[in-house]
Enquirer: 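Have a look at the structure that comes next, please.
Order of the sequence lines fixes the chain letters, A, B, ..., with proteins taken first and strands second; residue numbering starts at 1 for each chain.
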Protein chains: 2
Amino acid sequence: MVIDRSSPVPLYHQLAEQLTAAIESGRLGPGDPFENELALADRLDLSRPTVRRAIADLVARGLLVRRRGVGTRVASQVIHRRDELTSLYDDMVRRGQRPLTVLRRFEREIVDPRAAECLGLPEATPLVFLERLRFAGETPTALMHNWLPPQFADLTTEEVTSGSLYAALRARGSRPVIAHQTIGARRPTAAERKLLALVAGDPLLTMSRRAYDGDGGAVEFGDHCYRCDQYAFDVTVHER
Amino acid sequence: MVIDRSSPVPLYHQLAEQLTAAIESGRLGPGDPFENELALADRLDLSRPTVRRAIADLVARGLLVRRRGVGTRVASQVIHRRDELTSLYDDMVRRGQRPLTVLRRFEREIVDPRAAECLGLPEATPLVFLERLRFAGETPTALMHNWLPPQFADLTTEEVTSGSLYAALRARGSRPVIAHQTIGARRPTAAERKLLALVAGDPLLTMSRRAYDGDGGAVEFGDHCYRCDQYAFDVTVHER
DNA sequence: GTGATTCATATGTCCTGACATTATTTGACA
DNA sequence: TGTCAAATAATGTCAGGACATATGAATCAC
């Protein structure tokens, strides 16, 4: 356990990383008592609040459990807190498979009152619109519609197809930091059935999303539908 | 802005609640500059870290935005951070509608290798099993299966039907604090179609869940299916 | 032996103080 | 008037200290 005081990385962050590494290395096992904050602060020559901050970060991530009067322990089952949705698509990427995304439509000035409303803009605002179809091998897996505010009208086809849409927004100083997503299911339309190669009775898994930047300004509205044999969403939920 | 020092509620928590109220009352509008932490601490006769803690809580909830060297502002669009799934069912409750949950089956010793595995238990472990059907008025809306570890075999029918299942677990000292949920869609079985009064082609929205207590021990496995015209899930996602 | 009380341990809350870093404004100078 | 440096304003990090509260173990009284 080494703290480098000349590093620009905050002390509490260095400590949190090293505590995390100790837990994930297996050196500390599930349920093991964890060194208390006073001893740790003494041993590492750090102030107690600094140590508390590091430990609090690990608690927030589900690696440690604290109880007043008792002490701190390694969580019995190491759970990594994830504030994000993952899907079978992400699993594919993780397994090294290369899903392909085809841009079917890209408009820089399209009027859509519903999407404008979702973006908090006047109905007649010209929006940027994308329609993409995603494949896993030969199989179409998702049909995705996205609408962006007019400040992104300078997006290039290259940006939209080669990398992540959010990376392109971030390159323009708009950093999506929070998104509200609604997940549901419905019957496909005939067009969707054809595009996604569905047979009669196959349902769609749907997800609509409104993304906001750090100031709370809406930066994206998305309306996606997925083959349910290719997609499911994993959500981690915390009770306060 | 009043801080009651004789209250058992921590000072930072009182302040956070009042700052929240000020924002939600409309007294402070989106984008408004927010009083800086030094002035606030001075005015309220609180220490700066205490004020920082309160402000940090509001930042974490998306109500305020901070920038080093600039100051603190009310988020342009007030977003409430919610680390929880909500559904149309919750909307019904909020609107004062009274959904009804019918207990169809309650077993205190049932062997289910799949559920046991999901609970991290040996296959032959006798589990507690619940099957419930939920109604909104006359309309069946959800079919819910839940499996619990054997320590909950003393659950009463009363507990299971009158209040929330999690409240019953908490009363036994097992506090579910994190759950991993998987949301998907599929075709209903014939039995599900009948129970949920579905017509041909109607899809199911599905959600399976594994809930863990503060020590990481599994406390519940659930497998639910919903009518998609009655349910959708809202998820808030944060990018780090 | 059992239940109540006390004590030791550990986290939770709060304070005062100081310095570092970033962003914006102000003032000086060409 | 424009540019650059210094000053000001605000948040971020860190420290040392003190007291409060909850928990579990040990001790004491019956």
Side-chain angles (χ1 to χ4, degrees), chain A residues 1-19 28 31-60 63-75 173 175 214-215 240, chain B residues 1-19 28 31-60 63-75 170 173-175 177 213-215 240:
Chain A
M1 202 80 83
V2 181
I3 301 291
D4 174 8
R5 285 180 184 269
S6 65
S7 165
V9 179
L11 302 183
Y12 69 85
H13 197 269
Q14 290 181 50
L15 179 56
E17 292 306 307
Q18 294 187 36
L19 296 181
L28 286 173
D32 281 358
F34 201 79
E35 191 170 1
N36 73 66
E37 63 193 38
L38 292 178
L40 209 45
D42 202 48
R43 180 157 74 82
L44 298 177
D45 196 31
L46 295 171
S47 78
R48 186 180 157 206
T50 301
V51 171
R52 284 184 68 80
R53 175 75 188 272
I55 293 180
D57 285 356
L58 268 70
V59 169
L63 300 186
L64 295 177
V65 180
R66 320 198 80 180
R67 210 133 154 224
R68 183 195 268 202
V70 180
T72 303
R73 276 184 295 118
V74 179
R175 184 157 170 262
D215 298 332
R240 303 247 176 214
Chain B
M1 200 83 80
V2 182
I3 300 294
D4 175 10
R5 285 179 183 269
S6 65
S7 165
V9 178
L11 301 181
Y12 68 86
H13 197 268
Q14 291 181 49
L15 179 57
E17 293 306 307
Q18 294 186 37
L19 295 181
L28 285 174
D32 281 358
F34 201 78
E35 192 170 0
N36 74 64
E37 63 194 37
L38 291 179
L40 209 44
D42 201 48
R43 181 157 75 82
L44 298 177
D45 197 29
L46 295 171
S47 76
R48 186 180 158 206
T50 301
V51 170
R52 285 184 67 80
R53 176 76 188 274
I55 293 180
D57 285 356
L58 268 71
V59 168
L63 301 184
L64 296 176
V65 180
R66 319 198 82 181
R67 210 137 152 219
R68 184 194 270 202
V70 181
T72 303
R73 277 182 297 117
V74 179
R170 273 193 296 269
S174 279
R175 183 157 172 263
V177 298
D213 65 15
D215 298 333
R240 306 263 173 189

Enquirer: Of the non-hydrogen atoms in B:Ala54 and B:Ala16, which two are nearest, and what is the gap between them?
Expert: CB-N, 3.8 Å
Enquirer: Hey, does the side-chain of A:Arg67 have a donor or acceptor N/O within less than 3.5 Å of a partner on the base of D:dG24?
Expert: no
Enquirer: Given the ring of A:Tyr12, does A:Arg53 sit roughly above its face, with NZ or CZ under 6.0 Å from the centre of the six-membered ring and within 45° of the axis?
Expert: yes
Enquirer: Where the side chain of B:Tyr12 is defined as all heavy atoms beyond and including C-beta, which of C:dT13, C:dC15, D:dG16 is the nearest nucleotide?
Expert: C:dT13
Enquirer: Round to a whole Å and report the spacing from CG of B:Asp42 to P of D:dA10.
Expert: 13 Å
Enquirer: Given B:Arg66 and B:Glu37, is the side chain to side chain contact (heavy atoms under 4.5 Å, CB included) satisfied, shown in steps?
Expert: CA-CA 11 Å; B:Arg66 319 198 82 181; B:Glu37 63 194 37; 2.7 Å; yes
Enquirer: For A:Leu15 and A:Ile3, what are the C-alpha separation, side-chain angles and deciding distance, and is it a side chain to side chain contact (heavy atoms under 4.5 Å, CB included)?
Expert: CA-CA 7 Å; A:Leu15 179 56; A:Ile3 301 291; 4.1 Å; yes
Enquirer: Between B:Arg66 and D:dG12, is there a side-chain N or O to OP1/OP2 distance below 4.0 Å?
Expert: yes
Enquirer: Kindly say if B:Arg5 contacts the phosphate of C:dC15, meaning a side-chain N or O under 4.0 Å from OP1 or OP2.
Expert: yes
Enquirer: Contact class for A:Pro49 vs. all strands (heavy atom < 4.0 Å): base, sugar-phosphate, or nothing?
Expert: base
Enquirer: Name the closest nucleotide to the A:Ser47 side chain, picking from D:dT13, C:dT11, D:dA15.
Expert: D:dA15
Enquirer: Counting side-chain heavy atoms from CB outward, which of C:dC14, D:dT11, D:dA15 is closest to B:Leu11?
Expert: C:dC14
Enquirer: Would you mind reading off the distance between B:Leu44 atom CG and C:dC14 atom C1', rounded to a whole angstrom?
Expert: 15 Å
Enquirer: Pick out which of A:Asp4, A:Leu46, A:Leu44 makes a side chain to side chain contact (heavy atoms under 4.5 Å, CB included) with A:Leu11.
Expert: A:Leu46
Enquirer: Identify whether any heavy atom of B:Arg52 sits under 4.0 Å from a base atom; if not, whether one sits that close to sugar-phosphate; answer base, sugar-phosphate or nothing.
Expert: base
Enquirer: Of A:Gly69 and A:Arg53, whose closest DNA chain D nucleotide lies nearer the 5' terminus?
Expert: A:Arg53
Enquirer: With a 4.0 Å cutoff (strictly under), does any side-chain N or O of B:Thr72 reach OP1 or OP2 of D:dA10?
Expert: no
Enquirer: Can you tell which of D:dT21, C:dA23, D:dT11 lies closest to the side chain of A:Arg68?
Expert: D:dT21
Enquirer: Just how far, in rounded Å, is C1' of C:dT9 from CG of A:Leu40?
Expert: 16 Å
Enquirer: In this structure, how many angstroms lie between the P atom of D:dT13 and the CD atom of B:Glu37, rounded?
Expert: 11 Å
Enquirer: Closest-nucleotide mapping onto DNA chain D: is B:Ile55 or A:Arg48 further toward the 5' terminus? I mean the 5' end.
Expert: B:Ile55
Enquirer: Quickly, which of B:Leu58, B:Asp57, B:Leu28 forms a side chain to side chain contact (heavy atoms under 4.5 Å, CB included) with B:Leu19? Name it, please.
Expert: B:Leu58
Enquirer: Measure from CG on A:Asn36 to P on D:dA22 and round the result to the nearest Å.
Expert: 20 Å
Enquirer: Between C1' on D:dT13 and CG on A:Asp57, what's the gap in Å once rounded to a whole number?
Expert: 13 Å
Enquirer: Side-chain N or O of B:Thr50 less than 4.0 angstrom from OP1 or OP2 on C:dT13?
Expert: no
Enquirer: Round to the nearest Å and state the distance from A:Glu35 atom CD to C:dT9 atom C1'.
Expert: 15 Å
Enquirer: Can you check the A:Phe34 CZ to C:dT11 C1' distance for me, whole Å?
Expert: 14 Å
